[in-house]
Engineer: 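One structure follows; several queries about it will come next.
Quantities reported herein were computed from a predicted structural model and do not represent experimental measurements. Letters go in sequence order (proteins before strands), and every chain restarts at 1.
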Amino acid sequence: MKLNPGQANAVKHISGPCLVLAGAGSGKTRVITLKIAHLVRQCGYQARHIAAVTFTNKAAREMKERVGQTLGRKEARGLIVSTFHTLGLTILKREVTTLGMKAGFTLFDDQDSRALISELTEKEYDGDKDQINLLLNQISRWKNDLILPPQAIKMAESGGEQILAMLYERYQRHLTAYNALDFDDLILLPTLLLKQNEQVRQRWRDRIRYLLVDEYQDTNTSQYELVKLLVGERARFTVVGDDDQSIYSWRGAQPKNLALLQQDFPSLEVVKLEQNYRSTGCILNAANILIANNDHIFDKRLFSELGYGERLRVLYAKDEEHEAERTVAELLSHKFMKRTSYKDYAILYRGNHQSRLIEKSLMTNRIPYKISGGTSFFSRAEIKDMMSYLRLLVNHDDDNAFLRIVNVPKREIGPATLEKLGNYANMRGISLFAASFELGLEQHLTGRGLASLQRFTRWMVELADFAEKGETIEAVRQLVRDINYEEYLYDSSPSPKAAEMRMKNVSELYRWITGMLEGDDLDEAMTLPEVVTRLTLRDMMERNEGDDESDQVQLMTLHSSKGLEFPYVFMIGMEEGLLPHQSSIDEENVDEERRLAYVGITRAQKELSFIVCRERRQFGESFRPEPSRFLYELPQDDLIWEGKTQKSKEEKKKTGMAHLAAMKAMLNKDK
DNA sequence: TCGAAAGACTTTTTT
DNA sequence: AGTCTTTCGA
């Protein structure tokens, strides 16, 4: 397949900074892939001097695969394709000594961070969730803006801010004590390091000589800073982005980084990709008209040459149960008529909880499905337990992990023992694990408690020694055997069937771990500390080879659908309050919700259906939501509202108003 | 110390 | 409504 002029431009421009404004379905992954191939084959770059950065693991995997196909395994060797966070982790891992950190640090996921904050603020907040969230968000914002605790304290303008900044400092001190990092540190620390240390900066600029960034509109301040530091004055990089698909501002993403690029790099070459190769004209037109209601940094107009296609449908359901049943029924009859496969269908929704009823309905109809995204696997108790064991094995100072599993399965180390241990550790300013070995502890803790505790910590130390001698896989195996987790599961689960499920999850995790420790032809073998941090990053999920073969309906949130495409798409829950979500309406941030709808619509290749519930239950209360305003903003001629041949007065008024708003938006844009 | 039962709280999105 | 937490009784 040939490149269109825009794509060719984007691939060939390699001498300086390059921004590719890539509309949905305009073939940007192809551009990135071919550009990497071009760099290697025509421009004399070694693959190991090129890095491509994405935001999700899924995208990274896919890109790795695509490059592997284009270039071949050998030529692609050493190429860095990873998420921003994994790149940060890679840098940190190489520079641990420069940073003065102990190797084998623990990565805290957001639950760990929340637990820590909640513990640290017990006096101030007493477990108040709102306040804890506020603090967590503030800390995240500080870190994303490269502000460390001392600066935060200095900058505080009110007493309230002062307190938050002090708590930030306390949080950071405790992280250090646990030898732990949080997600934001994976960007913050490398950025600061590169900023301050000339030598390290040179090292990485030499390593990464050409940088490509996908989904650039999702970068936050510290990520952009990291990009700038990595590329230096030579500015050999390509970033690809689309401001209409910016759906992560709540996480600090700054779509204005697209515009900043032009200021920071005056020689920036801007390439627009406006031909869509994915969707029918009807779907694309709907998407274009919807998004015209938003403001734009760059103007673009997507077009398709795939023909008009089928009109979009709006289906009604009585309530959310009926919604699930209808969606599945529609899917089934469609599949039957068109002789398609299950994997040609995607069901998209706003919030993870919406998947449950759909799942149920699919299950009763014996339809194979796959839910991607969602935290389910790693938030399962048994997985959290096993991960805590591994974390503690790698980093004895990880108190969070320690507390989680010290008495799971039961080891006669109860709350009383732990409280005394905690007090002592606190007093001495050391970790719980370290405290268990101190002689001074005997004054506070005696007899059985102390004996059980030390039996546990000694066992852990022995196991860690064993692992460090290189017998990692054997050590992990022994750990699972020693704790006799299976028996514990059967004892603690409500039913043998549940225990079996849980044990299956544990085995799955075990397989992943051993697989990562051994490595394969695509990925190098990793050390245990690496494996543990990578697992926390959720980096590795579906490495099941048979995945492409398996024929399953795809279920996912609108957020995690970004970057994917499906022939037939159902968007469920198209109601005010859900999409746009109520909290976004309250915060007057409907634009982002509109982009979310835009992302959903542009996933569809051939046909698209919306489902609206007439009635919905929330917290047991039922209410009657309005259809989403976005449905009224779409071009009504391309839309079939189920069961309505004639528009009612109400609706005419609404669509009229929506069109008026769209026209106004377009007029404003021209000014 | 453990399991059942009542009670609280939930639903925005993710590395 | 469903899930996670806390509490109370054995």
Side-chain angles (χ1 to χ4, degrees), chain A residues 53-60 82-89 107-113 127-130 133 136-137 140 143-144 181-188 215 218-220 222-223 245-253 319-321 348-357 359-360 372-376 378-381 407 409-417 491-494 533-541 556-563 573 575 577-587 589-590 592-593 595-597 599-600 616-622:
Chain A
V53 182
T54 64
F55 274 83
T56 63
N57 296 304
K58 209 191 286 166
S82 69
T83 64
F84 256 106
H85 293 265
T86 309
L87 177 65
L89 183 64
L107 185 57
F108 271 22
D109 66 17
D110 45 359
Q111 286 189 53
D112 294 315
S113 298
D128 184 326
K129 270 200 79 178
D130 288 348
N133 281 335
L136 275 169
N137 286 334
S140 186
K143 289 191 173 187
N144 287 335
L181 303 177
D182 64 18
F183 280 144
D184 295 323
D185 287 334
L186 290 182
I187 312 294
L188 172 74
E215 307 283 9
D218 289 339
T219 50
N220 61 35
S222 62
Q223 284 161 339
Q245 293 187 68
S246 156
I247 51 175
Y248 288 110
S249 70
W250 50 273
R251 194 170 88 178
D319 53 28
E320 61 255 69
E321 260 117 38
L348 307 180
Y349 36 82
R350 175 69 237 257
N352 277 308
H353 64 282
Q354 288 175 273
S355 70
R356 232 190 46 251
L357 286 168
E359 259 187 283
K360 203 170 118 193
S372 23
T375 47
S376 50
F378 281 90
S379 56
R380 288 174 207 271
N407 206 28
K410 299 270 178 298
R411 285 194 186 83
E412 299 184 301
I413 305 172
T417 308
D491 288 346
S492 63
S493 302
T533 42
R534 291 289 200 108
L535 283 172
T536 313
L537 271 179
R538 320 270 144 94
D539 179 10
M540 62 5 357
M541 304 299 275
M556 68 192 77
T557 62
L558 289 163
H559 280 90
S560 50
S561 75
K562 190 162 71 151
E575 296 134 39
L578 242 182
L579 185 70
H581 195 272
Q582 190 57 48
S583 45
S584 297
I585 298 175
D586 295 342
E587 289 161 33
N589 192 19
V590 177
E592 177 137 324
E593 300 285 311
R595 288 192 290 270
L596 202 48
V599 166
R616 191 173 282 279
R617 272 193 301 275
Q618 198 176 220
F619 310 145
E621 296 302 295
S622 63

Engineer: Is it true that A/Arg356 and A/Glu359 have a side-chain N and a carboxylate O under 4.0 angstrom from each other?
Structural biologist: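 A/Glu359 and A/Arg356: not salt-bridged.
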
Engineer: Under a cut-off of 3.5 Å for both distances of each Watson-Crick or G-U pair, what dot-bracket string does DNA chain B give, using [ ] for crossing pairs and | for inter-strand pairs?
Structural biologist: ||||||||||.....

Engineer: Give A/Phe84 one of three labels, base, sugar-phosphate or nothing, depending on what nucleic acid heavy atoms sit under 4.0 Å from its own.
Structural biologist: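 Here A/Phe84 touches no strand at all.
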
Engineer: Give the rounded distance in Å between these two atoms: CG of A/Asp218 and C1' of B/dT13.
Structural biologist: 12 Å

Engineer: Provide, to the nearest angstrom, the distance between the CZ atom belonging to A/Arg251 and the C1' atom belonging to B/dT15.
Structural biologist: 5 Å

Engineer: Mind checking A/Thr83 for me? I need base, sugar-phosphate or nothing, with any heavy atom below 4.0 Å counting as a touch.
Structural biologist: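 Touches sugar-phosphate only.
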
Engineer: Kindly confirm whether the side-chain ring of A/Trp250 is stacked on the base of B/dT13, judged by centres under 5.5 Å and planes under 30°.
Structural biologist: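 Yes; by the centre-distance and plane-angle rule, A/Trp250 counts as stacking on B/dT13.
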
Engineer: N/O contacts under 3.5 Å, protein versus nucleotides 7-11 of chain B?
Structural biologist:
from   : atom 1 : to       : atom 2 : distance (Å)
B/dT11 : O2     : A/His353 : NE2    : 3.0

Engineer: Can you measure A/Glu592 atom CD to B/dT13 atom P for me and round it to whole angstrom units?
Structural biologist: 13 Å

Engineer: Mind checking what makes side-chain hydrogen bond (donor to acceptor under 3.5 Å, both in side chains) contact with A/Asp182, not counting sequence neighbours?
Structural biologist: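 Listed in chain order: A/Lys143, A/Tyr171.
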
Engineer: Determine, stepwise, if the pair A/Glu593 / A/Asn589 fulfils side chain to side chain donor-acceptor pair (under 3.5 Å).
Structural biologist: CA-CA 7 Å; A/Glu593 300 285 311; A/Asn589 192 19; over 6 Å; no

Engineer: Does A/Asn352 have a side-chain nitrogen or oxygen under 4.0 Å from the phosphate oxygens OP1 or OP2 of B/dT14?
Structural biologist: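 Yes, within the criterion.
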
Engineer: Please examine the side chains of A/Thr533 and A/Leu186, heavy atoms only from C-beta on, and report whether any two atoms are closer than 4.5 Å.
Structural biologist: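 Not touching, per the 4.5 Å side-chain cut-off.
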
Engineer: Provide, to the nearest angstrom, the distance between the CG atom belonging to A/Leu357 and the C1' atom belonging to C/dA1.
Structural biologist: 9 Å

Engineer: Which label fits A/His85 and A/Phe183: parallel for a plane angle under 30°, tilted from 30 to 60°, or perpendicular past 60°?
Structural biologist: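 Perpendicular, since the angle between the ring planes exceeds 60°.
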
Engineer: So, taking the atom named CG in A/Leu537 and the one named CG in A/Asn57, what distance separates them when rounded to the nearest 0.5 Å?
Structural biologist: 7.0 Å

Engineer: Compare all side-chain heavy atoms of A/Asp218 with those of A/Gln223 and state whether any distance is below 4.5 angstrom.
Structural biologist: no

Engineer: Using a cut-off of 4.0 Å on non-hydrogen atoms, how would the nucleic acid contact of A/Asp184 be classed: base, sugar-phosphate, or nothing?
Structural biologist: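 The residue A/Asp184 makes no contact with any strand.
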
Engineer: Would you kindly give the CZ-to-C1' distance between A/Phe108 and B/dT14, to the nearest whole Å?
Structural biologist: 19 Å

Engineer: Whole Å only: how far is the CD1 atom of A/Ile247 from the P atom of B/dT13?
Structural biologist: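 About 12 Å, once rounded to whole Å.
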
Engineer: For C/dT6 versus B/dT11, give the span between their C1' atoms, rounded off to a whole number of Å.
Structural biologist: 22 Å

Engineer: Which whole-number value in Å describes the distance from A/Leu136 CG to B/dT15 P?
Structural biologist: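 Nearest whole value for this atom pair: 18 Å.
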
Engineer: I want to check something: taking the side chain as every heavy atom from C-beta on, are A/Ser584 and A/Glu592 in contact at a cut-off of under 4.5 Å?
Structural biologist: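 A side-chain contact is absent here, since even the closest heavy-atom pair is not under 4.5 Å.
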
Engineer: Could you label the plane-to-plane angle of the A/His559 and A/Trp250 rings as parallel, tilted or perpendicular, counting under 30° as parallel and over 60° as perpendicular?
Structural biologist: perpendicular

Engineer: Distance check needed: B/dT15 P versus A/Arg534 CZ, whole Å only.
Structural biologist: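 Taking atom P of B/dT15 as the reference, CZ of A/Arg534 is at 14 Å.
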
